[in-house]
Participant: 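This is the structure, below, for whatever I ask next.
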Amino acid sequence: MKEEISFYKIGDGNYCSTMNMCVEALLEKGDYAECHKYAIYNFEQGKLAPYLEPIFQWICYETFLEKPEGLGEVSTDDLIANPTTFSDYRNNGFIHWMLRNNAAGSASLKKAADLSTNKGAYLKLSFECLLAGFDNPAAIALYETIKKEAPEARDWKLDFQYANLLEEENRYKEAFVAYQHLGQSYPEESFFNLPKDEYNVMLRVFKKFTKGLNDVEGFTKYNAMYLSKDNPSEDALLEHLEVATTNYKEDVFLQHNLLESISKLDIEFENNELEMLKEMKSRIRNTYFV
């Protein structure tokens with residue numbers, strides 16, 4: 001794009017018409033900050049094509065970048081009553097989105113996708129529109145459409161959003177598979193670019209899923225990873241104690257060690273943990289050291 005633009009004299013007709021083409025290309029590429037630069041230049045020159053104005057309005061709405069006063073606000077009057085073309089559906093989709101009619105916006109962008117030469121880009125925008133409207137079931141269904149009809153559009157962000165949606169809907173089995181896919185297909189993002197402190201994203205979700213599926217062995221394994229640190233979190237210790245007292249009642253040494261660690265925490269005890277520790281010490285002494 002830059003090579004094409006530099007071929008023309010700055011500000012002439014070919015220069016600005018090429019800039020207009022770049023606005024659409026950068027939108028589909030998902031580079032909204034760069035798209036804004038091209039759109040605002042042409043708008044200030046009075047050369048932004050009218051059919052691109054909804055894109056520019058949406059870019060400003062979505063990114064909070066500068067919105068020129070002359071660009072105006074959107075209203076239902078801006079909607080095309082009987083859309084037939086790709087740009088009609090695309091623009092209606094963005095207008096509905098900005099008016100927070102997310103179901104209608106997603107539907108319009110999906111129709112635009114069917115008429116586009118870059119179907120995946122507009123299906124992803126339709127998906128993002130549903131996310132903005134907190135319509136998890138519809139977004140999950142649309143992801144399955146993307147997976148079938150435009151698999152090349154899948155990337156870390158899209159697949160991560162999908163896994164999050166399944167988690168939010170407590171669909172643990174499917175979420176487990178989706179997060180496993182993230183780890184296998186995007187190891188750099190999954191294991192290096194996400195936080196790795198006590199709120200480690202990947203570890204947290206697997207721990208949550210195994211607990212939700214009543215997989216005691218799995219939960220014990222993942223929670224034990226939290227306990228392997230020098231200063232494990234309070235929550236990890238308390239959760240492990242709950243598992244130990246419920247599922248490993250005969251393992252008195254495990255319970256003792258957990259209670260011993262918990263007793264050193266500076267927290268308000270709610271379940272008689274200190275009394276439990278005294279009782280466990282007496283039980284061990286009487287059983288093993290008499």
Side-chain angles (χ1 to χ4, degrees), residues 24-35 62-63 93 97 102 105-106 109-110 112-114 116-229 233 236:
E24 292 186 280
L26 288 165
L27 170 74
E28 294 180 5
K29 188 173 180 286
D31 192 344
Y32 302 146
E34 193 71 9
C35 183
E62 187 70 7
T63 63
W97 191 335
N102 295 83
S106 177
L109 288 166
K110 193 171 185 298
D114 291 333
S116 171
T117 56
N118 191 348
K119 185 173 186 177
Y122 292 99
L123 284 177
K124 286 170 72 174
L125 282 166
S126 179
F127 177 83
E128 293 284 348
C129 187
L130 290 172
L131 287 184
F134 304 102
D135 191 343
N136 289 2
I140 289 171
L142 183 53
Y143 173 87
E144 296 298 338
T145 298
I146 295 172
K147 191 175 178 180
K148 292 177 184 177
E149 299 182 12
E152 72 284 353
R154 292 174 62 188
D155 55 20
W156 155 256
K157 181 182 177 182
L158 181 71
D159 287 357
F160 185 64
Q161 288 169 323
Y162 171 66
N164 278 331
L165 290 172
L166 293 172
E167 179 188 354
E168 289 175 10
E169 294 297 300
N170 296 328
R171 292 168 61 172
Y172 295 134
K173 287 185 179 180
E174 295 161 279
F176 199 103
V177 172
Y179 274 101
Q180 282 183 321
H181 165 76
L182 286 171
Q184 293 163 357
S185 301
Y186 311 98
E188 185 72 23
E189 292 85 351
S190 299
F191 297 108
F192 297 103
N193 294 350
L194 287 176
K196 294 183 285 294
D197 57 13
E198 67 183 73
Y199 302 107
N200 183 302
V201 172
M202 298 298 284
L203 179 54
R204 176 183 58 80
V205 295
F206 285 122
K207 173 181 158 181
K208 178 181 178 181
F209 300 158
T210 49
K211 188 174 185 179
L213 293 168
N214 294 316
D215 177 2
V216 175
E217 183 178 348
F219 177 81
T220 303
K221 175 179 69 174
Y222 289 115
N223 198 50
M225 295 181 188
Y226 282 100
L227 302 181
S228 66
K229 297 187 296 185
S233 72

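Residue numbers start at 1 and run along the sequence shown.
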Participant: Looking at Ser116 and Ala112, would you say the former's side chain and the latter's main chain have a donor-acceptor pair under 3.5 Å?
Facilitator: no
Participant: What do the steps show when you test Val201 against Phe160 for side chain to side chain contact (heavy atoms under 4.5 Å, CB included), and what is the final call?
Facilitator: CA-CA 11 Å; Val201 172; Phe160 185 64; 4.1 Å; yes
Participant: Is the Tyr179-Phe209 ring centre distance short of 6.0 angstrom?
Facilitator: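 Yes, they do, as the ring centres are separated by less than 6.0 Å.
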Participant: Looking at every heavy atom in both Leu131 and Ala139, which two are closest together, and how far apart are they?
Facilitator: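 So the minimum-distance heavy-atom pair works out to CD2-CB, 4.2 Å.
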Participant: With rounding to the nearest 0.5 angstrom, report the CG to OG1 distance, Asn223 to Thr210.
Facilitator: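 Here the rounded value is 8.5 Å.
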Participant: Evaluate the side-chain proximity of Ile140 to Glu174: yes if any heavy-atom separation is below 4.5 Å, no if none is.
Facilitator: no
Participant: As an exercise, state the distance from CZ of Phe127 to CG of Leu142, rounded to the nearest 0.5 Å.
Facilitator: 7.0 Å
Participant: Please enumerate all residues that pass ring pair (Phe, Tyr, Trp, His ring centres under 6.0 Å) together with Tyr143, with sequence neighbours excluded.
Facilitator: Tyr162
Participant: Indicate the atoms forming the closest heavy-atom contact of Leu130 with Asn102, along with that distance.
Facilitator: CD2-O, 4.4 Å
Participant: Measure across Cys129 and Gly105 and return the closest heavy-atom pair with its distance rounded to 0.1 Å.
Facilitator: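 Residues Cys129 and Gly105, closest heavy atoms: SG-C, 3.9 Å.
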Participant: Work out which heavy atom in Ala150 is nearest to a heavy atom in Gly120; give both atom names and the distance.
Facilitator: CB-CA, 3.7 Å
Participant: What's the spacing between Asn136 CG and Glu169 CD if we round to 0.5 Å?
Facilitator: 4.5 Å
Participant: Salt bridge or not between Lys157 and Glu128? Use side-chain N to carboxylate O under 4.0 Å.
Facilitator: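 Between Glu128 and Lys157 there is a salt bridge, with a charged N closer than 4.0 Å to a carboxylate O.
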Participant: I want to check something: taking the side chain as every heavy atom from C-beta on, are Trp156 and Ser190 in contact at a cut-off of under 4.5 Å?
Facilitator: yes
Participant: Between Glu62 and Trp97, is there a side-chain heavy-atom distance shorter than 4.5 Å?
Facilitator: yes
Participant: Within the supplied structure, the quantity of interest is the number of heavy atoms (other residues, nucleotides, ligands) at a distance under 6.0 Å from Glu144 CD; does it exceed 12?
Facilitator: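 More than 12 heavy atoms, drawn from other residues, nucleotides or ligands, come within 6.0 Å of this atom.
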Participant: Arg204 versus Glu167: any side-chain heavy-atom pair under 4.5 Å?
Facilitator: yes
Participant: Look up atom CG in Asn214 and atom OH in Tyr172, then write down how far apart they are to the nearest 0.5 Å.
Facilitator: 10.0 Å
Participant: How many angstroms lie between NZ in Lys208 and CZ in Phe219, if you round to the nearest 0.5 Å?
Facilitator: 12.5 Å
Participant: Salt bridge (charged side-chain N to carboxylate O under 4.0 Å, His left out) for Glu149 and Lys110? Distances and angles first, verdict last.
Facilitator: CA-CA 12 Å; Glu149 299 182 12; Lys110 193 171 185 298; 5.4 Å; no
Participant: Between the main-chain N or O of Tyr122 and the side-chain N or O of Ser126, is there a donor-acceptor pair closer than 3.5 Å?
Facilitator: no
Participant: Hey, could you give me the CD/SG distance between Glu28 and Cys35, rounded to the nearest 0.5 Å?
Facilitator: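 Result: 10.0 Å between the selected atoms.
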